[in-house]
2 protein chains.
Amino acid sequence: MGRIAKFGREDMARAALELAAERGPQAVTVAAIAAAIGAPTGSIYHRFDSREELLAEIWMDVVESFQRGFIERLATASDIDGAAAAACFMAEWVRGHLREARLLLLHHRRDFVSGKWPPSLVERAATLEPAMGAALGGFAKRAFGRADREIIARVRFALLDAPFGGIKPYVQENKAAPRELDAMVSATVRAVLGGIAR
Amino acid sequence: MGRIAKFGREDMARAALELAAERGPQAVTVAAIAAAIGAPTGSIYHRFDSREELLAEIWMDVVESFQRGFIERLATASDIDGAAAAACFMAEWVRGHLREARLLLLHHRRDFVSGKWPPSLVERAATLEPAMGAALGGFAKRAFGRADREIIARVRFALLDAPFGGIKPYVQENKAAPRELDAMVSATVRAVLGGIAR
DNA sequence: CTCGAATTAGAACATAAGTTCTAGAACCAT
DNA sequence: ATGGTTCTAGAACTTATGTTCTAATTCGAG
């Protein structure tokens, strides 16, 4: 029933992701997306209510993709070695998802979801922070027997923030993180989490 | 000769910095700057050739301000302890310059200088990377007797990238970095630079 | 005091980009 | 075939924003 669609949500989202990764979120105009897939601008609005919704969706997809992998890796960790492996996950993920990494590491949520969210995304977004908090807390409990604020701060620094800082310069130059970074990240994990009593 | 000016470059730059820090670069419209200081929009153009030039200038001011302090601190360092002190500089700087920090740590150069630079700024910009490279290289030479690519990578990670990663989440929430971060940053420095033979 | 220059003041203009609208085409069920 | 539906196609509309323009104002110099 109805004419067959030439342009789907996926095509548009993919084009938008490429534009955002290569030239930044402000380059993701409706006209640019349309041009990238050879569609008229109006067709975008047959698939998305607004540019906002499209951008929010690609952002959420990327965040979920990373977080799912990271949490999965962390779930099997219960000691410093496991933590080091989880800390290296970001660098590995970047090697396989450079475009997505450029969204996640080089920009803000605000650049993609700057106003009213589509309700479906509100739901997805609401689970993100709790899920990450639970994953970090669970690891802390397994590895150190407790998950107080100070331990969580250390774990977050060692497993997420410091690796992010190390990786960002490479992503910015459109390169994957080099292997030698893994050694530095692991050393950081051992130094920051090593002294914690069980 | 001529009417006395009510609005100077400084007023405009300060207003723009505040806007950028609080609501992001895209909120720094010419109209918003003018409104913030109670000036007509046209007056902005008596002081700056374009919005571009204004944004580029505040960006460059902030980068130079940070880099000057960091390099000064690093210049007195010649061992691991000095390195740890330099690594903590960013967190200290953020405590005293939260607005500036939000520009430097939360955004890209691209958001502020997205095209043709005013010639005066090209000159200032050209010295930034060399100066930072020289500072890091100088420290490496003093502390380890050499400054090859691998050492420099470690120093940059320990003194700049990892601290940046640790600080960013706090700046994002408009908070200064807590003291406990300094301990983690120092531990990172010792772990990453500690094993290097002299 | 008058003239010229720099500035305020704010309207006017130009452009870019998101969104909506109108036509027409393609498809399916009846 | 026909009608309803979903899409393409792209023009038209709207709004936001950078920039320029015109007029009035205020200052110092001669």
Side-chain angles (χ1 to χ4, degrees), chain A residues 1-59 107 110-119 121, chain B residues 1-20 22-59 107 110-118 121:
Chain A
M1 43 185 67
R3 180 174 180 171
I4 283 202
K6 285 172 69 176
F7 313 103
R9 283 179 82 94
E10 294 308 312
D11 306 301
M12 297 170 186
R14 193 170 342 108
L17 177 66
E18 274 168 30
L19 283 166
E22 277 158 34
R23 297 191 287 145
Q26 71 281 60
V28 188
T29 66
V30 175
I33 300 169
I37 61 177
T41 66
S43 286
I44 306 286
Y45 291 89
H46 279 273
R47 297 279 173 273
F48 296 89
D49 281 349
S50 65
R51 171 181 180 271
E52 275 281 312
E53 182 185 321
L54 201 172
L55 285 190
E57 181 160 309
I58 65 176
W59 172 260
H107 300 284
R110 172 168 60 184
D111 296 331
F112 291 87
V113 283
S114 64
K116 52 280 151 185
W117 298 26
L121 289 184
Chain B
M1 45 183 66
R3 179 178 181 168
I4 284 206
K6 285 173 68 176
F7 313 103
R9 284 178 82 95
E10 295 308 313
D11 306 302
M12 297 170 186
R14 192 170 343 107
L17 177 66
E18 275 168 30
L19 282 166
E22 277 158 34
R23 298 192 288 144
Q26 71 280 68
V28 187
T29 66
V30 175
I33 299 169
I37 61 177
T41 67
S43 286
I44 305 287
Y45 291 89
H46 279 273
R47 297 280 172 271
F48 296 91
D49 281 350
S50 66
R51 171 181 180 272
E52 275 282 312
E53 181 186 322
L54 201 173
L55 284 188
E57 181 160 309
I58 64 176
W59 173 258
H107 300 285
R110 172 168 60 183
D111 296 331
F112 291 87
V113 283
S114 63
K116 54 278 151 184
W117 299 26
L121 288 185

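Computed from a predicted model, the values in this text were never measured in an experiment. Note: hydrogens, waters and symmetry copies are ignored here, and every other heavy atom, side chains too, is used.
- The aromatic rings of B:Phe112 and B:His107 sit perpendicular, their planes meeting at an angle over 60°, well past the 30° parallel limit.
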Along nucleotides 24-30 of chain C, 5' to 3', which nucleotides get a B, which get an S, and which get a -, given that the test is a protein heavy-atom distance under 4.0 Å? BBBBS--
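- Between the OH atom of B:Tyr45 and the P atom of D:dT17 there is a distance of 12 Å, rounded to whole Å.
- Put simply, B:Lys6 has no side-chain N or O that comes within less than 4.0 Å of OP1 or OP2 on D:dT25.
- Of all nucleotides listed (D:dA9, C:dT20, D:dT19), D:dA9 comes nearest to the side chain of A:Phe7.
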Please table the atom pairs, donor to acceptor, closer than 3.5 Å between any side-chain atom in residues 16-44 of chain A and protein atoms at least two apart or in another chain.
{"unit_1": "A:Thr29", "atom_1": "OG1", "unit_2": "A:Ala32", "atom_2": "N", "d": "2.9"}

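- Rounded to the nearest 0.5 Å, atoms CH2 (B:Trp59) and CG (B:Leu121) are 13.0 Å apart.
- Of the residues in residues 33-44 of chain A, those lying under 4.0 Å from DNA chain D by heavy-atom distance are A:Pro40, A:Thr41, A:Gly42, A:Ser43.
- Scanning for ring pair (Phe, Tyr, Trp, His ring centres under 6.0 Å) contacts around A:Phe48 gives an empty result, with sequence neighbours left out.
- Contacts of residues 46-53 of chain A with DNA chain C (heavy atom under 4.0 Å): A:Ser50, A:Arg51.
- For A:Arg9 and D:dC7, the CZ to P distance is 12 Å, given to the nearest whole Å.
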Can you give me every donor-acceptor pair (side chain of residues 4-13 of chain A, partner residue at least two apart or in another chain, under 3.5 Å) with its distance?
{"unit_1": "A:Arg9", "atom_1": "NH1", "unit_2": "A:Arg47", "atom_2": "O", "d": "2.7"}
{"unit_1": "A:Arg9", "atom_1": "NH2", "unit_2": "A:Glu57", "atom_2": "OE1", "d": "2.6"}
{"unit_1": "A:Arg9", "atom_1": "NH2", "unit_2": "A:Glu57", "atom_2": "OE2", "d": "3.4"}
{"unit_1": "A:Asp11", "atom_1": "OD2", "unit_2": "A:Gly8", "atom_2": "N", "d": "2.8"}

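- The distance from atom CD of B:Gln26 to atom P of C:dA17 is 15 Å, rounded to the nearest whole Å.
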